[in-house]
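Report on the structure given below.
Note that these values count all heavy atoms, side chains included, but never hydrogens, waters or copies made by symmetry.
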Amino acid sequence: MPEGHVLHREARLQSTKLVDHPLRAESPQGRFTTGAEAVDRQRLITIEARGKHLFYRFENDLTIHVHLGLFGKFRHQQLPFPEPSANARLLLSSDTDRVHLAGPTTCRLLEPDDVDNVLRRLGPDPLCRPVDGASQMASALGRRTVPVGRALLDQRAIAGLGNIYRSELLFLAGLDPFVPANVVSSDDIAKLWDLSVSQLRSDERSGRIVTVDPAVVGKTSRSRLVRDERLYAYKRHGEPCRVCSDTIRTAKIDDRNIWWCPSCQAKN
DNA sequence: GTGTCATGCGTAT
DNA sequence: TACGCCTGACACG
């Protein structure tokens with residue numbers, strides 16, 4: 001489930017196990033052998049997340065850059081380590097813990113300048129709490145005439161949102177996904193930013209995306225929500241809106257599905 | 001068992 | 001706009 005909250009959670013959890021240790025780095029699959037050898041037995045200095053990107057910086061100044069894409073997955077393993085799967089792109093192991101990476105879109109070695117180049121292409125990340133995040137986002141969206149539902153996936157406008165968050169955040173903000181981004185009011189963009197900050201922080205802690213207010217479905221806490229009760233719009237095509245009972249609709253924007261409630265999201 | 005789809009994104013056309 | 005890449009879950013027969 002690789003939207004931004006997942007990468008920050010991975011950075012946090014992996015850091016407690018791997019940072020400050022000299023690590024064994026291997027690529028059983030063989031597609032990252034040279035990169036793994038370049039950091040093998042080096043001490044890991046930091047693991048940092050920005051948007052959907054992860055950066056492992058080693059003491060020799062080399063950085064492993066990971067982007068999970070649609071399919072990438074991390075597994076956390078402890079001694080005795082199980083046999084790695086045949087498609088394990090990267091294994092990072094301390095004496096006691098191992099992180100197993102399979103299926104990433106990106107897993108490559110970067111020099112410090114290359115890291116800066118990747119970061120320059122990313123907008124503000126709600127989980128990094130930049131003080132001017134809302135205004136950076138407003139300035140990026142203000143230049144776009146595409147639907148706001150499309151602009152939210154542009155990682156230069158705001159880094160870390162994926163297809164689930166774009167449907168859910170637009171629902172929470174009450175915004176019509178098809179309104180041009182440059183027509184959305186600055187108040188509504190500020191609202192989208194604030195919702196992104198609170199939503200991703202909460203989901204980073206729990207490890208899952210839950211946007212529904214538990215009271216709306218008659219529950220007393222987030223943790224009591226079952227799988228089908230966690231979201232307002234995403235993949236709920238044809239079902240009644242949890243707030244107003246109108247029918248949730250779906251359409252494609254740039255060949256990716258978006259879901260919305262035509263009544264709750266009439267604002268533009 | 002096979003086919004389809006998916007929480008992503010870069011490149012080519 | 002279309003395709004390629006990478007993997008796993010699920011529907012269907």
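For Asn257(A), a side-chain nitrogen or oxygen approaches OP1 or OP2 of dA6(B) to under 4.0 Å.
Heavy atoms of Arg31(A) sit under 4.0 angstrom from primed sugar atoms or phosphate atoms, though from no base atom. At a threshold of 4.0 angstrom between heavy atoms, the contacts of Asp255(A) with the nucleic acid are absent. Residue-level contact check: Arg75(A) touches the backbone only, with heavy atoms under 4.0 Å from sugar-phosphate atoms and none from bases. Contact annotation for Asn87(A): backbone-only contact, meaning every heavy-atom pair under 4.0 Å involves sugar-phosphate atoms and none involves a base. In this structure, Glu168(A) reaches neither bases nor backbone, as no heavy-atom distance under 4.0 Å exists between it and the strands shown.
dA2(C) and dA6(B) have their P atoms separated by 16 Å, given to the nearest Å. Between dT1(C) and dT7(B), the two C1' atoms lie 22 Å apart (nearest whole Å). To the nearest whole angstrom, the two P atoms, one in dC3(C) and one in dC5(B), are 14 Å apart. Taking atom P on both dG10(B) and dG8(C), the two are 23 Å apart, rounded to the nearest angstrom.
dC5(C) atom C1' lies 10 Å from atom CG of Leu70(A), rounded to whole Å. The separation between Leu68(A) atom CG and dC6(C) atom C1' is 11 Å, rounded to whole Å. Going from atom CG of Leu200(A) over to atom C1' of dT7(B) covers 12 Å, rounded to whole Å. Lys73(A) has its NZ atom 15 Å from the C1' atom of dC5(C), to the nearest Å. One can place CD of Glu3(A) at 5 Å from C1' of dT7(B), the figure rounded to the nearest angstrom. Atom CZ in Arg227(A) sits roughly 11 Å away from atom C1' in dA9(C) (whole-Å rounding). The nearest whole Å value for the distance from the CD1 atom in Ile253(A) to the P atom in dT7(B) is 13 Å. Atom C1' of nucleotide dA6(B) and atom OH of Tyr234(A) are separated by 6 Å, given to the nearest angstrom.
The side-chain contact (heavy atoms from CB on, under 4.5 Å) search around Arg201(A) returns Leu127(A), Arg129(A), Val197(A), Arg205(A), not counting sequence neighbours.
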So which protein nitrogen or oxygen atoms get under 3.5 Å of nucleotides 9-13 of chain B's nitrogens or oxygens?
| from | atom 1 | to | atom 2 | distance (Å) |
| --- | --- | --- | --- | --- |
| dC9(B) | OP1 | His67(A) | NE2 | 3.2 |
| dC9(B) | OP2 | Lys52(A) | NZ | 3.4 |

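Checking Arg50(A), His8(A), His53(A) one by one against Asp125(A), the side chain to side chain donor-acceptor pair (under 3.5 Å) holds for a single residue, His8(A).
The shortest side-chain heavy-atom distance between Leu92(A) and Tyr56(A) falls under the 4.5 Å cut-off.
The NE2 atom of His5(A) sits 5.5 Å away from the CG atom of Asp203(A) when rounded to the nearest 0.5 Å.
By the 6.0 Å contact criterion, CZ on Arg222(A) is enclosed, its count of non-hydrogen atoms from other residues, nucleotides or ligands being greater than 12. Heavy atoms of other residues, nucleotides or ligands lying less than 6.0 angstrom from CD of Glu111(A) number 12 at most.
Residue Ile164(A) comes nearest to Glu3(A) through the heavy atom pair N-OE2, 2.8 Å, listed as atom of the first residue, atom of the second, then distance.
Between His65(A) and Phe55(A), the two ring planes are parallel [angle under 30°; tilted spans 30° to 60°].
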